[in-house]
Amino acid sequence: MRTQVVIIGGGPSGLLLSQLLDKNGIDSVVLERKTRDYVLGRIRAGVLEVGFVDLMRKAGVAANMDAHSFTHDGTIIAYNNEQFRIDFTKHTGTPVVVYGQTEVTRDLYEAREVMDGKIIFNSENVQIHDAETNAPYVTFDAGNGEERIDCDYIAGCDGFHGVSRPTIPDNIRRDYEKSYPFGWLGVLSETPPVNHELIYSSSDRGFALCSMRHENLSRYYIQVPLSDGVEKWSDDAFWDELRRRIPQEFADKLITGPSIEKSIAPLRSFVSEPMQWGHLFLCGDAAHIVPPTGAKGLNTAASDIHYLYNAFVDFYRNNNEDGLKTYSNRALARIWKAERFSWWMTNLLHRFPDQSGFDLKMQRADLEFLRDNEAAQRVLAENYVGLPY
Ligand code: FAS
Ligand code: PHB
């Protein structure tokens with residue numbers, strides 16, 4: 001088998017790249033380790049930057065999103081029983097769009113089927129060969145024994161635990177990592193959201209987030225110790241703790257219901273440099289991870305895809321390799337700013353086990369300065385809606 005670009009990973013990064021390349025006449029094959037249903041079963045991001053929305057539009061995959069998403073002009077920041085609102089649109093002229101990663105991924109799968117895009121599910125033992133040469137290839141086994149795809153380029157869109165990043169030799173690659181001493185326990189419930197915009201809440205008991213997917217599907221999170229397992233948290237225990245961490249006016253009107261999904265995600269900041277090696281390019285979680293506090297995970301994958309698909313189009317259409325040569329530096333320049341914002345939001349809103357009395361005073365001063373200062377609110381708004389590509 002031969003193609004122009006082999007894409008490893010059929011999550012949002014790989015699917016969006018494949019769709020954008022196809023729309024520009026560039027052939028690709030997606031190798032996905034799991035099944036389509038397994039990939040769609042993951043409940044993850046919920047907030048999209050307009051840059052992501054624009055890419056989905058360019059990819060011809062915006063119809064469902066336009067019909068079923070919400071536009072949010074701001075968010076509530078709460079601490080103990082106080083709250084204030086950050087107005088994204090006032091400060092930046094730009095809102096954010098609330099539309100679940102699951103729906104994005106489903107829309108992309110459907111679009112690939114319409115265009116007869118090649119996605120090979122259950123691809124086991126994917127291996128990258130000769131990435132540093134002009135004739136790279138990939139081997140895999142999807143149940144018919146080992147198969148080989150020769151290609152021009154390989155896009156590693158296979159997430160944090162994928163095979164692409166480790167293919168870059170240790171003496172070339174440098175990883176930067178920070179792990180946080182807590183995780184997020186997330187619950188999805190078929191209940192009306194407690195508020196029409198998100199609520200990021202910092203309380204003495206820990207962080208909580210009130211989000212949503214649509215008018216009868218809510219997504220809530222609370223910060224929990226890393227030692228907690230999901231089995232420790234009954235639905236009632238979760239709802240009781242969430243009520244304790246959000247302002248009383250919202251706790252009083254919270255509508256609870258059975259969880260239809262409940263999971264704990266660890267929080268980490270992670271960046272691997274460089275994001276390319278020879279004819280291998282890393283995108284999305286394969287190269288970087290953020291704590292979800294700033295809603296940047298999926299959105300940083302989008303800017304990687306923006307840079308890479310434009311570079312491929314410039315190469316195949318104009319024989320210009322500049323975009324391919326500069327991909328890693330351009331992607332990393334934006335990634336590190338998203339890492340900083342996500343790290344800052346996480347430190348602002350969470351309780352850390354080793355916080356001193358002074359640390360708590362600094363956190364409160366930060367929150368009160370943000371409450372009172374328009375410039376500080378603008379800085380948060382500009383980062384939250386997404387810095388320029
Ligand atoms: P993904 O991990 O989504 O996709 C990679 C794909 O590659 C997967 O389908 C995997 O099966 C496949 N793969 C892996 N190894 C392979 C191999 N060797 N061969 C073939 N295929 C392989 N972001 C937010 O903005 N907000 C959130 O609330 C949020 N919550 C999250 C919760 C969790 C538990 C996790 C893990 C992430 C969360 N994120 C969140 C970040 C998340 O949305 C990612 O940014 C997003 O999934 C990135 O998409 P991809 O880069 O496509 O990686
Ligand atoms: C979500 O809706 O899942 C969500 C929203 C905002 C975040 C993280 C997660 O910062």
Side-chain angles (χ1 to χ4, degrees), residues 3-32 36 39-40 45 48-66 69 97 99 101-120 138 149 151-159 162 164 275-276 279-288 297-328 330-331 334-335 386 388-389:
T3 188
Q4 289 170 302
V5 182
V6 169
I7 298 172
I8 304 173
S13 295
L15 296 170
L16 181 55
L17 178 61
S18 179
Q19 179 71 5
L20 286 162
L21 292 180
D22 201 350
K23 296 285 277 187
N24 286 277
I26 299 167
D27 189 45
S28 67
V29 174
V30 175
L31 298 177
E32 167 52 49
R36 169 178 164 157
V39 176
L40 291 175
L48 307 181
E49 298 172 358
V50 285
F52 190 108
V53 172
D54 290 347
L55 267 185
M56 290 284 280
R57 213 173 300 291
K58 283 196 180 92
V61 192
N64 276 343
M65 183 173 56
D66 288 340
S69 64
V97 168
Y99 189 64
Q101 174 171 325
T102 304
E103 289 68 33
V104 164
T105 308
R106 183 179 295 113
D107 295 345
L108 284 165
Y109 272 133
E110 290 170 359
R112 297 308 298 131
E113 278 159 13
V114 165
M115 292 184 74
D116 201 23
K118 193 161 181 58
I119 303 174
I120 302 175
V138 175
I149 310 180
C151 55
D152 300 334
Y153 294 100
I154 301 163
C157 301
D158 46 351
S164 300
M275 289 175 55
Q276 69 188 92
H279 286 225
L280 169 64
F281 297 88
L282 304 183
C283 303
D285 279 19
H288 44 77
L298 189 54
N299 292 303
T300 45
S303 50
D304 293 348
I305 297 306
H306 165 81
Y307 297 128
L308 190 55
Y309 110 85
N310 278 297
F312 279 135
V313 171
D314 214 11
F315 170 70
Y316 283 110
R317 199 172 286 170
N318 311 319
N319 200 30
N320 180 348
E321 291 185 291
D322 291 350
L324 291 175
K325 286 177 182 165
T326 60
Y327 165 73
S328 181
R330 294 170 71 211
R334 190 175 189 272
I335 293 305
Y389 283 3

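In what follows, every heavy atom counts, from backbone to side chain, and hydrogens, waters and symmetry copies are set aside.
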For this session: Please lay out, stage by stage, how Leu108 and Met56 fare under the test side chain to side chain contact (heavy atoms under 4.5 Å, CB included).
Result: CA-CA 9 Å; Leu108 284 165; Met56 290 284 280; 4.1 Å; yes
[X]: side chain to side chain donor-acceptor pair (under 3.5 Å) partners, not counting sequence neighbours:
X	result
Asp285	none
Thr300	none
Asp322	none
Tyr99	Asp107

Problem set entry | Chi angles and distances behind the side chain to side chain contact (heavy atoms under 4.5 Å, CB included) call for Asn299, Leu48 | CA-CA 6 Å; Asn299 292 303; Leu48 307 181; 4.3 Å; yes
Can you name the closest pair of heavy atoms from [X] and [Y] and give their distance?
X	Y	answer
Arg334	Tyr307	CD-OH, 3.9 Å
Tyr309	Lys58	OH-CD, 3.3 Å
Tyr389	Ser303	CE1-CB, 3.5 Å
Thr102	Leu40	CG2-O, 3.3 Å
Gln276	Ser328	OE1-N, 2.8 Å
Gly25	Gln4	O-OE1, 4.1 Å

Problem set entry | Qualifying residues under ring pair (Phe, Tyr, Trp, His ring centres under 6.0 Å), relative to Phe312, sequence neighbours excluded | Tyr153, Phe281
Determine all donor-acceptor pairs shorter than 3.5 Å in which one atom belongs to a side chain in residues 7-14; sequence neighbours excluded.
none

Please round to the nearest 0.5 Å and tell me the distance separating atom [atom1] of [X] and atom [atom2] of [Y].
X	Y	atom1	atom2	value
Leu21	Thr3	CG	OG1	9.0 Å
Ile154	Ile149	CD1	CD1	9.5 Å
Ile305	Asn310	CD1	CG	11.0 Å
Glu110	Asn64	CD	CG	6.5 Å
Ile26	Arg317	CD1	CZ	7.0 Å
Glu321	Thr326	CD	OG1	11.0 Å

Using the test side-chain contact (heavy atoms from CB on, under 4.5 Å), find all partners of [X] that sit at least two apart in sequence or belong to another chain.
X	value
Glu113	Arg36
Asp66	Arg57, Ala62
Asp54	none
Asp314	Asn318, Asn320

Problem set entry | Pairs flagged by salt bridge (Lys or Arg N to Asp or Glu O under 4.0 Å) wherever residues 6-28 is involved - sequence neighbours left out | Asp22-Arg112
Problem set entry | Residue pairs fulfilling salt bridge (Lys or Arg N to Asp or Glu O under 4.0 Å) with at least one residue in residues 297-307, sequence neighbours excluded | none
Exercise. Does the side chain of Tyr316 pick up a donor-acceptor pair with the side chain of Asn24 at under 3.5 Å?
Worked result: no
Problem set entry | CA sep, side-chain torsions, deciding dist, call: Leu15, Ile119, side chain to side chain contact (heavy atoms under 4.5 Å, CB included) | CA-CA 9 Å; Leu15 296 170; Ile119 303 174; 3.7 Å; yes
Exercise. Is there side-chain contact between Leu308 and Leu324, with heavy atoms separated by less than 4.5 Å?
Worked result: yes
